[in-house]
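Taking it in order: structure first as structure tokens, then the write-up.
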Amino acid sequence: RSSDLNHELKYIIVVFTFKDNLESHETVDEYVRNLKESNRKFRNFIEACGNRYFAINNKETNHGDREEQISQLISMVDRMVEENNGMCYTNEMYAQIGRA
């Protein structure tokens with residue numbers, strides 16, 4: 001159902017796991033902006049999720065930089081939970097939608 005999906009979208013962060021594959025001059029923000037031309041449906045999904053997205057460099061070897069990536073993602077999750085009045089998506093929510 002559309003209303004159920006809209007409710008679920010406020011609990012989603014899109015995580016890209018290819019930051020290391022971006023062109024050296026392209027940021028993840030530029031990549032997402034460019035999706036408007038190449039993949040409009042995916043771009044619409046990201047927008048519906050509140051433009052919450054994060055990119056991880058899978059090949060990062062520097063321990064400090066890996067820790068920084070984790071810290072940034074956790075901060076994004078914390079902000080999302082705060083925006084949702086302290087609520088996280090729960091198994092109970094998922095079960096309710098399955099029963100609807």
Side-chain angles (χ1 to χ4, degrees):
R1 296 204 320 250
S2 178
S3 63
D4 292 335
L5 180 58
N6 289 336
H7 176 74
E8 291 176 337
L9 292 173
K10 69 183 197 174
Y11 296 98
I12 294 175
I13 297 173
V14 176
V15 178
F16 296 99
T17 59
F18 65 87
K19 185 176 180 181
D20 43 289
N21 288 340
L22 289 174
E23 299 293 327
S24 61
H25 63 279
E26 185 178 39
T27 67
V28 71
D29 294 328
E30 291 168 331
Y31 175 81
V32 169
R33 269 194 307 275
N34 291 333
L35 285 173
K36 288 183 179 181
E37 291 85 38
S38 65
N39 193 335
R40 187 65 187 158
K41 287 182 181 181
F42 187 45
R43 178 67 186 136
N44 288 345
F45 176 74
I46 292 172
E47 288 174 359
C49 294
N51 286 306
R52 285 184 302 274
Y53 58 88
F54 189 80
I56 294 174
N57 180 346
N58 294 331
K59 297 180 181 176
E60 183 59 65
T61 58
N62 180 293
H63 179 73
D65 290 343
R66 283 195 322 249
E67 291 294 319
E68 180 62 24
Q69 288 184 131
I70 293 167
S71 177
Q72 289 173 356
L73 180 56
I74 290 172
S75 292
M76 182 176 275
V77 171
D78 288 342
R79 280 192 308 275
M80 181 185 64
V81 170
E82 186 177 310
E83 290 169 4
N84 289 315
N85 300 316
M87 298 278 303
C88 295
Y89 194 76
T90 66
N91 288 336
E92 291 79 20
M93 291 172 167
Y94 178 74
Q96 285 178 345
I97 290 171
R99 287 189 290 257

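In this text, all values refer to a predicted model and were calculated from it rather than measured experimentally.
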[X]: what forms a side chain to side chain contact (heavy atoms under 4.5 Å, CB included) with it, not counting sequence neighbours?
X     : value
Glu47 : Lys36, Arg40, Arg43, Asn44, Asn51
Lys59 : Asp20, Asn21, Asn57
Thr61 : none
Tyr94 : Tyr89

Partner residues of Tyr11 under the side chain to side chain donor-acceptor pair (under 3.5 Å) criterion, sequence neighbours left out |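 In terms of side chain to side chain donor-acceptor pair (under 3.5 Å), with neighbours along the sequence ignored, Tyr11 is linked to no residue.
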
Look at the side chain of Gln72 and the backbone N and O of Gln69, then say whether any donor-acceptor pair between them is shorter than 3.5 Å.
->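 Checking the backbone N and O of Gln69 against the side chain of Gln72, no donor-acceptor pair under 3.5 Å is found.
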
Smallest separation among heavy atoms of Ile12 and Glu8, with atom names |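 So the minimum-distance heavy-atom pair works out to CG1-O, 3.6 Å.
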
For Met76, the other hydrophobic cluster members (4.5 Å side-chain criterion, sorted by chain and number) are Ile13, Val15, Phe54, Ile56, Leu73, Val77, Met80, Val81

Hydrophobic cluster partners of Ile74 (side-chain heavy atoms under 4.5 Å) =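 Its cluster partners, ordered by chain and number, are Ile70.
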
Phe18: ring-ring contact (aromatic ring centres under 6.0 Å, His included) partners, not counting sequence neighbours |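 ring-ring contact (aromatic ring centres under 6.0 Å, His included) check on Phe18 returns Phe16, Tyr31.
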
Return each pair, listed once, that meets ring pair (Phe, Tyr, Trp, His ring centres under 6.0 Å) where at least one residue sits in residues 58-82; pairs must be two or more places apart or across chains.
->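 Sorted result for residues 58-82: empty, none.
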
Summary of salt bridge (Lys or Arg N to Asp or Glu O under 4.0 Å) pairs that have at least one residue in residues 64-91, sequence neighbours excluded | Arg52-Glu83

